[in-house]
Amino acid sequence: MSIVKINALTVPAEQREVLEQRFASRAGAVESSDGFEWFELLRPVEGTDQYLVYTRWRSEEDFQAWMEGPMKAAHQGGGAQGGGAGGGGERPKPAASGSTVWSFEVVQQAAPKKA
């Protein structure tokens, strides 16, 4: 079965819009990666300042290949969580003040029943 990576990003209130804009402008960077299955950016509603970046992959090897290739290249260009403009100039300040990655194996799953 698939694996899930959840990146818990600590984002101060004044940086929330910046983080969301950076993810919105990431231009589908992960969607064409081999083994990629799903992405979601989850905004906290109450009780926490952590956004969750949920990605699902066919295998750990596929995730690692993305980390060492497209993800690494995108972050070297922009420097901040979620990508950046790239192309030189001063690197923008990271929107997140902390990051923790959690790893899970999918052992059960369900989809809505068809009518």
Spacing of R58 atom CZ and S33 atom OG [to the nearest 0.5 Å] = 10.5 Å
key: Path from F36 to M1 over hydrophobic side-chain contacts below 4.5 Å   = no
inquiry  = What I'd like to find out is whether the side chain of V11 reaches to under 4.5 Å of the side chain of D49, using heavy atoms alone.
reply    = no
request  = Would you name the heavy atoms of A95 and Q15 that are closest together and state the gap between them?
outcome  = O-CB, 3.3 Å
side-chain contact (heavy atoms from CB on, under 4.5 Å) evaluation trace for V53 with F39 = CA-CA 7 Å; V53 182; F39 162 85; 3.8 Å; yes
Approximate separation, where rounding is to 0.5 Å, of Q109 CD and R56 CZ = 4.5 Å
query = How many angstroms lie between atom OG of S25 and atom CD of E20, to the nearest 0.5 angstrom?
reply = 12.0 Å
Other residues, nucleotides, ligands: >12 heavy atoms within 6.0 Å of E17 CD = no
message = For a 4.5 angstrom cut-off between non-hydrogen side-chain atoms, does E40 reach L52?
response = no
query = Going through the checks in order, is the side-chain hydrogen bond (donor to acceptor under 3.5 Å, both in side chains) test met by Q64 and E60?
reply = CA-CA 6 Å; Q64 291 300 328; E60 179 68 27; 2.7 Å; yes
request  = Measure the spacing between CG of D62 and OG1 of T55 and express it to the nearest 0.5 Å.
outcome  = 11.5 Å
query = Is R43 close to Y51 at the side-chain level, that is, under 4.5 Å between some pair of heavy atoms?
reply = yes
query = Same cluster for F63 and V106 if Ile/Leu/Val/Met/Phe/Trp/Tyr side chains link at under 4.5 Å?
reply = no
query = Under a 4.5 Å cut-off applied to non-hydrogen side-chain atoms, are W66 and W57 in contact?
reply = yes
task = Please check if F23 and V18 belong to a single hydrophobic cluster, counting links between Ile, Leu, Val, Met, Phe, Trp and Tyr side chain heavy atoms closer than 4.5 Å.
result = no
inquiry  = Quick check for you: to the nearest 0.5 Å, what is the distance between Q50 atom CD and N7 atom CG?
reply    = 9.5 Å
query = How long is the span from the CZ atom in F104 to the CD1 atom in I3, to the nearest 0.5 Å?
reply = 11.5 Å
key: Transitive ILVMFWY side-chain link W102 to L9, under 4.5 Å   = no
ask   = Would M67 end up clustered with V101 when hydrophobic side chains under 4.5 Å apart are linked, directly or stepwise?
value = no
ask   = If you count the non-hydrogen atoms of other residues, nucleotides and ligands that lie under 6.0 Å from CD in E105, is the total more than 12?
value = no
